Enquirer: 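One structure, as structure tokens, below. Some questions next.
Atoms within a ligand are numbered from 1 in the order they appear, just like the ligands themselves. Everything numeric in this text was worked out from a predicted model, so none of it was measured. One is the number of the first residue; the rest follow in order along the sequence.
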Amino acid sequence: ASVSDLIAAGERSISFEFFPPKDEAGERQLWTALRELEPLQPTFVSVTYGAGGSTRDRTVHITEGIAANTTLTPMAHLTCVGHSRDELRSVIGSYAAAGVRNVLALRGDPPGGPGTPWEPTPGGLTYASELVELVTSLGDFCVGAAAFPEGHREAESVEADALVMRAKQDAGARFAITELFFRVEDYFALRERCDAVGVTIPILPGIMPITSLKQVLRMTELSGREVPREVVDRVARFDGDPAAVRAEGIAIATEMCDELLAGGSPGLHFYTLNRSRATREIYAGLRSTVG
Ligand code: FAD
């Protein structure tokens with residue numbers, strides 16, 4: 001099934017993101033999380049694409065396993081990093097062979113790390129919109145793209161970034177998923193900027209709950225942005241009591257999800273970090289219905 005059709009058909013979409021684990025223990029944990037989240041009947045589950053090496057084959061392997069062994073619809077991420085156009089074609093071919101019809105087409109972060117200058121790989125692609133176009137041209141794929149509530153960190157302005165969203169839609173993207181964020185007003189402002197330049201595709205908000213104070217640092221690393229002070233303060237009050245920190249983190253995320261849905265977001269996309277508990281708790285606490 002194509003993700004965009006599923007989003008259009010459902011009341012509200014719910015989806016879960018995973019990363020390819022490094023070892024067997026990690027793989028068992030991933031499968032446990034997948035099995036525990038399967039009963040929520042998500043619209044799709046997605047698997048990220050690593051920066052290089054063998055982790056990339058594992059994205060193919062895991063999405064294939066999901067397609068073959070579960071009732072879930074898998075989506076594979078793909079980036080332009082370190083790949084020529086021919087190599088990208090070949091990865092897209094392996095997705096097709098694995099039964100994966102949904103692809104999230106990304107540029108990827110600069111190989112030197114987020115914040116360093118981006119250099120395309122020789123014979124490769126410069127922008128995610130080119131990858132959207134390439135995947136779309138290679139078969140009956142449903143292609144999604146990344147969106148940034150606070151603007152992409154390399155973007156000239158949030159307005160320029162909205163035009164990039166429009167370019168991804170024009171290249172064939174049928175839905176978008178946002179980077180993690182904490183202020184719901186940033187998501188709605190993104191939607192407005194996109195509406196203003198003719199972006200009509202659904203934009204799913206990406207949610208990553210705080211489960212520990214260490215997690216706050218990790219989020220800052222992942223998004224290159226500080227977690228807002230008011231959010232840090234709410235959890236930091238419980239420093240020294242990990243269970244209370246976690247409960248507050250779940251409460252913050254649940255409130256955000258309810259506000260997003262109440263404000264018209266087409267669904268919720270959870271960054272699970274290959275665990276199911278936080279996502280299940282948020283789902284159980286929602287005032288709105290999803291799925
Ligand atoms: P682009 O759309 O190419 O944008 C990159 C920069 O170029 C932006 O500043 C944009 O404004 C600018 N730009 C784009 N087009 C033009 C143009 N025509 N002219 C001028 N400027 C332009 N990374 C991974 O490595 N693996 C993953 O699996 C992964 N999954 C992700 C999932 C989600 C939901 C999100 C939000 C991000 C994910 N990322 C992943 C991170 C992503 O690859 C980085 O954020 C990357 O820096 C930007 O990717 P993009 O697809 O938005 O790139």
Side-chain angles (χ1 to χ4, degrees), residues 3 13 15-21 44-53 55-60 62-63 74-83 88 91 95 100 102-121 124-135 143-173 175-181 186-187 190 193-194 197 199 201-208 219 221-225 267-274:
V3 162
S13 170
S15 50
F16 309 126
E17 183 167 315
F18 303 89
F19 62 84
F44 65 93
V45 294
S46 81
V47 182
T48 60
Y49 198 67
T55 152
R56 297 187 144 183
D57 301 328
R58 282 201 288 274
T59 302
V60 182
I62 290 161
T63 46
M75 173 168 80
H77 296 207
L78 180 59
T79 74
C80 307
V81 175
H83 281 316
L88 288 167
V91 181
Y95 285 159
V100 176
N102 298 287
V103 176
L104 195 70
L106 307 139
R107 185 197 68 178
D109 283 319
T116 63
W118 165 256
E119 296 282 350
T121 301
L125 308 177
T126 306
Y127 296 120
S129 53
E130 296 172 276
L131 184 58
V132 171
E133 194 174 339
L134 180 66
V135 181
V143 182
F148 300 86
E150 299 166 75
H152 184 258
R153 83 183 90 186
E154 294 162 39
E156 245 170 67
S157 65
V158 287
E159 289 76 21
D161 218 36
L163 291 172
V164 169
M165 210 54 249
R166 173 66 199 254
K168 292 176 184 179
Q169 172 178 287
D170 291 349
F175 64 97
I177 303 177
T178 78
E179 182 173 56
L180 69 93
F181 64 98
D186 289 337
Y187 170 83
L190 166 74
R193 287 192 299 274
C194 285
V197 296
V199 174
I201 56 176
I203 302 175
L204 298 173
I207 308 295
M208 189 188 280
M219 287 172 161
E221 270 164 38
L222 282 173
S223 67
R225 290 208 176 75
L268 303 168
H269 179 77
F270 289 93
Y271 294 107
T272 69
L273 302 177
N274 294 2

Enquirer: Between ligand 1 and G108, can you find any atom pair, the residue atom being a heavy atom, that is separated by under 4.0 Å?
Expert: yes
Enquirer: Considering only protein heavy atoms, which is closest to atom 3 (O) of ligand 1, and at what distance to one decimal place?
Expert: A128 N, 2.8 Å
Enquirer: Just how far is it from atom CD1 of I203 to atom CG of L190, taken to the nearest 0.5 Å?
Expert: 4.5 Å
Enquirer: Strictly distance-based, threshold 3.5 Å: is any side-chain N or O of D161 a donor or acceptor partner for the main-chain N or O of G151?
Expert: no
Enquirer: Which is it for K168 and ligand 1 at heavy atoms under 4.0 Å: side chain, backbone, both or neither?
Expert: side chain
Enquirer: How far is atom 35 (C) of ligand 1 from its nearest protein heavy atom, and which residue and atom is that?
Expert: A146 CB, 3.7 Å
Enquirer: On a heavy-atom basis, I'd like to know which of T178, T79, T48 is closest to atom 24 (C) of ligand 1.
Expert: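 Among T178, T79, T48, the closest heavy atom to atom 24 (C) of ligand 1 belongs to T79.
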Enquirer: Specify side chain, backbone, both or neither for F19, according to which of its non-hydrogen atoms lie closer than 4.0 Å to ligand 1.
Expert: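 Neither part.
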Enquirer: Hey, does S129 have a side-chain heavy atom less than 4.5 Å from the side chain of V164?
Expert: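 Of all side-chain heavy-atom pairs linking S129 with V164, none is under 4.5 Å.
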Enquirer: Tell me: protein heavy atom nearest atom 33 (C) of ligand 1, and distance?
Expert: Y271 OH, 3.9 Å
Enquirer: I need the atoms of ligand 1 closer than 4.0 Å to a non-hydrogen atom of F148, numbered in the order shown.
Expert: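 Counting from 1, the qualifying ligand atoms are 45 (O), 52 (O).
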Enquirer: Among H152, E156, R107, which residue places a heavy atom closest to atom 8 (C) of ligand 1?
Expert: H152
Enquirer: Donor-acceptor pair, distance only, cut-off 3.5 Å: does the side chain of Y187 make one with the backbone of L204?
Expert: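 Between the backbone of L204 and the side chain of Y187 there is no qualifying donor-acceptor contact (under 3.5 Å).
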Enquirer: Specify side chain, backbone, both or neither for E154, according to which of its non-hydrogen atoms lie closer than 4.0 Å to ligand 1.
Expert: both
Enquirer: What part of H77, side chain, backbone, both or neither, has a heavy atom within less than 4.0 angstrom of ligand 1?
Expert: side chain
Enquirer: If you take the nearest heavy atom of each of Y127, W118, Y49, which one is closest to atom 14 (C) of ligand 1?
Expert: Y127
Enquirer: Of all the atoms in ligand 1, which lie at a distance below 4.0 Å from a heavy atom belonging to I177?
Expert: 34 (C), 36 (C)
Enquirer: Is there a donor-acceptor contact under 3.5 Å from the side chain of T178 to the main chain of G206?
Expert: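 Pair found, side chain donor or acceptor close to backbone of G206.
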Enquirer: Once you restrict to heavy atoms under 4.0 Å, what part of V81 touches ligand 1? Side chain, backbone, both or neither.
Expert: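 Under 4.0 Å from ligand 1, V81 contributes no heavy atoms.
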Enquirer: Could you please spell out the steps behind the side-chain hydrogen bond (donor to acceptor under 3.5 Å, both in side chains) verdict for S15 and H269?
Expert: CA-CA 5 Å; S15 50; H269 179 77; 2.8 Å; yes
Enquirer: Do the side chain of E150 and the main chain of F181 share a donor and acceptor less than 3.5 angstrom apart?
Expert: no
Enquirer: Would T121 and H83 satisfy side-chain hydrogen bond (donor to acceptor under 3.5 Å, both in side chains), going step by step from the backbone distance to the final call?
Expert: CA-CA 6 Å; T121 301; H83 281 316; over 6 Å; no
Enquirer: How long is the span from the SG atom in C80 to the CH2 atom in W118, to the nearest 0.5 Å?
Expert: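 If we round to the nearest 0.5 Å, C80:SG and W118:CH2 are 5.5 Å apart.
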Enquirer: For atom 40 (C) of ligand 1, which candidate among L106, D161, D109, V164 holds the nearest heavy atom?
Expert: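 Residue with the shortest heavy-atom distance to the ligand atom: L106.
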Enquirer: Pick from L104, T59, L106: which one makes a side chain to side chain contact (heavy atoms under 4.5 Å, CB included) with Y49?
Expert: T59
